[in-house]
Amino acid sequence: MPQLQSPLLVSVAVPCPLRRTFDYRWPSDRHPEPGQRVLVPFGNRRLVGVVVAPCASAKVDTDKLKSVIEVLDSDRPTLSPALMELGRWAANYYHHPIGECLQNMLPVRLRSAKPPQTQVTLYWQASTGASVDQLSKRAHRQRELLATLMAANAPLSGDTLREAGFTRQQLRQLAEQNLIEQASAPSPAPPPPQAPLALRDEQRSAVEAINGAQGFARFLLEGVTGSGKTEVYLQAIAAQLEQGKQALVLIPEIGLTPQTLSRVESRFPGRVASLHSGMGDSERYQNWQRAQNGDCDIVLGTRSAVFVDLPRLGLIIVDEEHDASYKQQEGWRYSARDIAVKRAADLDCPVVLASATPSLDSLHNANLGRYQTLQLTRRAAGDSPHLTLVDARQRPLKEGLDEVLLKHIADTLAAGEQVLLFLNRRGYAPQLQCHSCGWVADCHACDARMTVHFRQRHLRCHHCDAIRPLPDHCPDCHNHQWLFDGPGTEKLELFLRHHFADTLASTEVIRIDRDSTSQKGSMARLVDRVHEGKPAILVGTQMLAKGHHFPDVTLVGILDIDAGLFSPDYRAAERSGQLLVQVAGRAGRERPGRVLIQTHCPEHPALLTLVQQGYRAFASQQLSERKLLGLPPYAPCALIRADAARLDQAEAFLSAIKTALVDQGIGGQCIGPLPAPMTRRAGRYRASLILQATRRGELHRQLTLACTTGEQLKKTGGLRWSVDVDPIEAS
DNA sequence: AGCACGCCGACT
DNA sequence: GTCGGCGTGCTC
């Protein structure tokens, strides 16, 4: 009689908001491997989980355990041991449920149990001996299709043919008559790689420093706009590829402009896989697989690309490392930049954080000697633009524009050059008020004013996207005279059209914001119009500050920098400073440029420092303020957010957590609960608790206790809560 | 998070 | 008499 063997058990991370794993019986003869995806019964549902570890003894009675339904990864685990370790670390660091973290690391196609059907692009060619005459005279489209294929000297893809106006039906019919056949994908010889550019001294020493790194090394590549940061990391990548390694390049969400992609692709033809938000799940999955199989050498992607499996990864680049889009702002609030650094440490390879305006976090790390700073101070062509403050106090303003600024705009246009006006407020006007009784259009779901969108004839809330028609008279007093508060980009655009219509008939006003670029391809069309180089005024929000170069812009006007200087969020000044410098950097990359900053507080020390001494000095000043106040990056910080149907429900939940923290006396500060600055948003009330500590370990202990307490508390009013470690927003 | 179970108000 | 509201508890 064979001895009855105790069943093999595994710990599985299941995508549910619980900070633990669940044990299952293992159904197969083959040994379980961490990182394997499995289909498991969970309550009365079936979920895709990830095997974390085989386990010796279960947390509950073995006979109560359910069995894994199916092992989804047959050959090798989807998540490599290195990625499992990274996920485990990150779940711990961000105090987020491991199951949700690991699921987040998987490409969407692998989050469900369906075997991902990689849609293979079919290629077609005309069969040998096929002739148009074999088709009926009336089958015009089939004849044309066959003719097209016969004329082509290489097989054509179904996609290409459909774009040319042929249908699946026509293809099928031709195939049935054996006039055409499937072909393998033509492998076009990759174009010759573009030669590397000549490096200037600063760039050369930066490349040498990166290439000379032994094992884990952190670099802060600080280079003014136009100083050739990209060339530095392209050559660092080239050196890695020569050694048979792979490179991972992270870029901000809007930063993946066609220019960026084509620059990397033309240097390394056929070796780049890109992953960005505009991509379909299928295409993303294909590129993800290419990377995992080692079929590409470079992955270029946004935030989530930090989790792409690259078996020979030897270098990580984080471009525009200060960019807020690296921080996921919902669910698992991880920072791809910080995870990139951890990943490089695990792999023992160099990581380069690059920016013209490094974050205070990274500058602090550089000051501590954790990061080696590589500076690029020279522009490849032309000088850095000159910044001037325009004191707008007590001056007549036309739609928020000072006459001095208007004069400069007129002069610039007259010289045949382009102007960029930066106004970080979209829509026509940020509020609608009755001139007679003072009634203001409020959002019904948020503590916010509705923004007027004139052309679309509606009011919209920029916080919950609620839309109402633009009223024609005041609902309270029926008067129909309206007051529009300060201009948004839409109003500015209309004003400028009107203002310059008489003097400069040929001037174009091009608005670039979320509203004018919401349609696919519209951004590219607008950018193309700018690139025609005719005199024009570009009006836009922060979208303008990212990724695009406008060579013919010689005047930049910055219209509403004041708001950021007086925000209650201490991080707003940092963001405003970065934005200002980034926008200024759009000016005169080839021709000398000027930047006029219109302000009502020309004596503001931060603004003065920035304008007179530059970003580095501004950042140092900000850092000393943070140090004095004991704020990040000098003190690690986390935020616990809660929202519920009523404010008191959110506050009670957070108070209970605070009580637990105070009772246990585990150190660190706990501030709040504070109602969020905009307490009501999308119909729910929001509050938060701020945790601050002197050391990381202390914050970690606070969070551990906060999470165990939070998970056990009763949740009334549909209460939802979340943890945000190293938050970038105050609430 | 989902989902079931369970206990109280206005409806065919 | 039930349908359905959401408070409560559980998920190996």
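Quick caveat: nothing in here was measured; it's all calculated off a predicted structure. To find a chain, count down the sequence lines: A is the first, B the second, and so on, and within it residues start at 1.
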Asks: Of the nucleotides C:dG9, C:dC12, B:dC3, which has the atom closest to the A:R45 side chain?
Replies: B:dC3

Asks: Rounding to a whole Å, what distance do you find between A:L18:CG and B:dC3:P?
Replies: 15 Å

Asks: Side chain of A:K66, heavy atoms from C-beta onward: which of C:dG9, B:dC3, C:dC12 has the nearest atom to it?
Replies: C:dC12

Asks: Figure out the CD1/P separation between A:I98 and C:dC12, and round it to whole Å.
Replies: 18 Å

Asks: To the nearest angstrom, how far is A:L719 atom CG from C:dG7 atom C1'?
Replies: 13 Å

Asks: Report the distance from atom CH2 of A:W332 to atom P of B:dA1, rounded to the nearest whole Å.
Replies: 18 Å

Asks: Rounded to the nearest angstrom, tell me the gap between atom CG in A:N44 and atom C1' in B:dC5.
Replies: 12 Å

Asks: Do you see a donor-acceptor pair shorter than 3.5 Å between the side chains of A:E698 and A:Q702?
Replies: no

Asks: Ring-plane angle category for A:Y94 and A:Y334, please: parallel below 30°, perpendicular beyond 60°, tilted otherwise.
Replies: perpendicular

Asks: Taking any heavy-atom pair under 4.0 Å as a contact, classify A:P41: base, sugar-phosphate, or nothing.
Replies: sugar-phosphate

Asks: Could you give the CZ-to-C1' distance, from A:F22 to C:dC12, as a whole number of Å?
Replies: 7 Å

Asks: So if I take every side-chain heavy atom of A:T716 and compare against C:dT8, B:dA1, C:dC12, which nucleotide ends up nearest?
Replies: C:dT8

Asks: When the distance from CD of A:E330 to P of B:dA1 is rounded to whole Å, what number comes out?
Replies: 13 Å

Asks: Could you tell me how far apart A:E100 (CD) and B:dA1 (P) are, to the nearest whole angstrom?
Replies: 8 Å

Asks: Whether A:R20 engages the ring of A:F22 as a cation-pi pair (distance to the six-membered ring centre under 6.0 angstrom, angle to the ring normal within 45°) should be assessed.
Replies: yes

Asks: Verify whether one side chain among A:E574 and A:S359 offers a donor that lies under 3.5 Å from an acceptor in the other.
Replies: no

Asks: Check whether the side chains of A:D23 and A:S11 place a donor and an acceptor atom closer than 3.5 Å, and report yes or no.
Replies: yes

Asks: Give A:Y24 one of three labels, base, sugar-phosphate or nothing, depending on what nucleic acid heavy atoms sit under 4.0 Å from its own.
Replies: sugar-phosphate

Asks: By the 4.0 Å heavy-atom rule, please label A:K715 as base, sugar-phosphate, or nothing.
Replies: nothing

